[in-house]
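Worksheet for the structure shown next.
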Amino acid sequence: MATTSTSSLTLQHNVHKTCTSKSPKTLQLDYGVTKVSFKIRFQASHIKRKQLCNATIFNDVVVDEDVEKIKRLQNGSDVRGVAVEGEKGRTVDLTPSAIEAIAESFGEWVIDGLKKENGGVLGQDKVRVSLGRDPRISGPSLSIAIFAGLKRAGCIPFDMGLATTPACFMSTLLPPFSYDASLMMTASHLPYTRNGLKFFTPKGGLCSTDVEEICDQAARKYANRFAKTSLAKDGVSPVRVDFMSTYSKHLRDIIKERVNHPEHFDTPLEGFKIIVNAGNGSGGFFAWNVLDELGADTFGSLNLRPDGMFPNHIPNPEDKVAMSLTRAAVLEQSADLGIVFDTDVDRSGVVDNEGNPINGDRLIALMSSIVLREHPGTNIVTDARTSMALTRFITERGGHHCLYRVGYRNVIDKGIQLNKDGVETHLMMETSGHGALKENHFLDDGAYMVVKIIIEMVRMKLAGSKEGIGSLIKDLEDPAESVELRLNICTEPRYAKDKGVEVIETFRSYIEEGRLEGWQLDTCGDCWVSEGCLVDSNDAPSVIDARMYRAKVSDEKHGQHGWIHIRQSIHNPNIAVNMQSAVPGGCQFMTRVLLEKFLLESGMDRFLDITEVDKFAKSG
């Protein structure tokens, strides 16, 4: 018989008889070489035949579904899940007990890191960790569990209340706060039913491997607790702090100092009308505590009041409704600029004075124009869904364009690595609106991005220009066509990742074998195609969090006219397909090839829902 371990794990076992006793039972499992006996305490008074039972095991052999529940909450470098009922087909999995275990594990991870930095000793009395949150309705109850988890880990929790993701990171840097770590509770632009966590230390946001380590530890804690309820007590009282006022002043000071207005230094935005659409998220502060204080006229701004049900539209600069409403407000008020924030303000988009939406490639082009004027010849990193026209725009202005893997953390980390390698890289942006600057701690901050645009807008006016900010990208060509389609993976959630890998790698094989005529895997600079994506060729390649490939598409008539990018989603069990073409009808032609020559021929349609692809291929 195997030696009993001191730590208990939990096993899911198919029980083929009716279980009515609450007393411990013995279960013998045959693992081929040895038979292992376990004592099981059934956690139900009556379990029907063939029903799954929870069983506590005193042996390090396997873990149960409880462990997988926590692990599945990891979403790349974040944690996300369903926090309240109301989403069809989804059950609540981000429970108070789950998020408490994650917070406790994060606190322990921070403490262990500080000890390693100080030769094995903590070097301070207590570790201080702040928590901010967006206005989601699940925020207050989950906050209590997070504070309890941090206290169990031995940390002092600080409650920032309603905050933004960038502010949480800045709370680890700006005095007198300077916390050892910070958590932001948000699920970005996802529905009100969702919530999640983002993790920060003074070094920046955690990478996916760090979050995986934290979730693994949290899973063991969660699985080993007999009662799956939060251990939070009414007595857990965090220290309440007002950090957002300090953060707002930080942004105001940047604008004042860099504009350096010759006539009214403290109110450099006098005479400017600016519309802010906060989407009922956390971004209303930017109108009240930044723009208004600097003299701007923000009358006509939209959805500034926080509302965790997001009643007006999705708080997302990529959302067509959000941009359309902002455009209408800009034109109605004859405003100089419109601003759209996502829920937690780590992303933004703008509308120029003529009502032109600036997001996606256009926002990257605008920021590239500003940054290249300040840092000629700099490298600019984007995800691989950007257009060929954007590459031309950047190179024509003397910049270097590095295409990299989709995922804002991937893009930012690539920029950090390039700078470490001596390659000057001042801007890292994803088409979703996540954008980070070297000058701002490589932090993706939607408010800071807008600050840069506002400073440029004022600079242009002081220089005598009568044109709006949109004039900086008037030379950017839009692709003739741009399409995004989804292929849902129709398997149990635990198998979805492996099936996704199978699809992506089969796609790669088909291209390499020449089975898709005119399609060629794309590469970029010091990146080469391997293991499901663009992979660094340096000595410290980034960890791959999701498989993806981009293929450039050519034909005899048009030459290279477009590209197709296929990737696993880290948010949901599906495959995302993006494509662009400079030729009308090019995207539909690529979709037909994808459908007929790959999805159907390879048999991937056995477990993929190809409805969207099939419909688009046959449209028109």
Quick one: [atom1] on [X] to [atom2] on [Y], what's the gap to the nearest 0.5 Å?
X	Y	atom1	atom2	value
Asn440	Met170	CG	CE	6.0 Å
Glu354	Glu467	CD	CD	8.5 Å
Ile504	Ile575	CD1	CD1	4.0 Å
Thr591	Ile564	OG1	CD1	6.5 Å
His401	Ile380	NE2	CD1	7.5 Å
Leu418	Met428	CG	CE	9.0 Å

With a 4.0 Å cut-off, would you call [X] and [Y] a salt bridge?
X	Y	value
Arg373	Glu456	yes
Glu374	Lys452	yes
Asp383	Arg567	no

So does [X] have more than 12 non-hydrogen atoms from other groups sitting under 6.0 Å from [atom1]?
X	atom1	value
Glu439	CD	yes
Phe299	CZ	no
Tyr510	OH	yes
Ile314	CD1	no

If you define the side chain from C-beta out and look only at heavy atoms, does anything of [X] sit under 4.5 Å from [Y]?
X	Y	value
Trp288	Ser248	no
Arg327	Met323	no
Ile455	Ile254	yes
Ser368	Leu427	yes
Tyr408	Arg347	no
Leu337	Val330	no
Pro166	Tyr247	yes
Phe589	Val583	no

ask   = Taking the six-membered ring of Tyr549, is the NZ or CZ of Arg547 close enough (under 6.0 Å from the centre) and on axis enough (within 45°)?
value =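 Judged by the rule (NZ or CZ under 6.0 Å from the ring centre, within 45° of its axis), Arg547 is not positioned above Tyr549.
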
message = Tell me whether the rings of His426 and His375 are parallel (<30°), tilted (30 to 60°) or perpendicular (>60°).
response =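 Plane angle under 30°, so parallel.
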
inquiry  = Parallel, tilted or perpendicular, judged at 30° and 60°: which one describes the rings of His558 and His561?
reply    =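 If you compare the ring of His558 with that of His561, the planes turn out perpendicular.
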
key: Check against side-chain contact (heavy atoms from CB on, under 4.5 Å), His565 and Val406   = CA-CA 10 Å; His565 186 278; Val406 173; 3.4 Å; yes

inquiry  = Using the rule side chain to side chain contact (heavy atoms under 4.5 Å, CB included), only one of Val345, Ile274, Asp292, Leu251 pairs with Phe286; which is it?
reply    =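 When side chain to side chain contact (heavy atoms under 4.5 Å, CB included) is applied between Phe286 and each of Val345, Ile274, Asp292, Leu251, only Leu251 qualifies.
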
key: Main-chain N/O of Ala163 paired with Ser282 side-chain donor or acceptor, under 3.5 Å   =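 Yes.
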
task = Could you go through the side-chain contact (heavy atoms from CB on, under 4.5 Å) check for Glu430 and Thr386 one step at a time?
result = CA-CA 8 Å; Glu430 194 183 37; Thr386 53; over 6 Å; no

Which atoms form the tightest heavy-atom contact between [X] and [Y], and what is the distance?
X	Y	result
Thr172	Pro202	OG1-CA, 3.4 Å
Tyr192	Arg136	CA-NH1, 3.8 Å
Pro317	Gly349	CB-N, 3.5 Å
Ala582	Pro584	O-CD, 4.0 Å
Arg362	Asn356	NH2-CB, 4.4 Å

task = Begin from the C-alpha positions of Arg409 and Ser208 and carry the test side-chain contact (heavy atoms from CB on, under 4.5 Å) through to its verdict.
result = CA-CA 9 Å; Arg409 195 70 251 169; Ser208 58; over 6 Å; no

query = Which is it for Thr326 and Asn277 under the side-chain hydrogen bond (donor to acceptor under 3.5 Å, both in side chains) test, yes or no, and what are the steps along the way?
reply = CA-CA 6 Å; Thr326 308; Asn277 183 350; 3.1 Å; yes

message = One pair to check against side-chain contact (heavy atoms from CB on, under 4.5 Å): Asn195 and Met185. What are the steps and the verdict?
response = CA-CA 7 Å; Asn195 217 327; Met185 184 164 32; 3.2 Å; yes

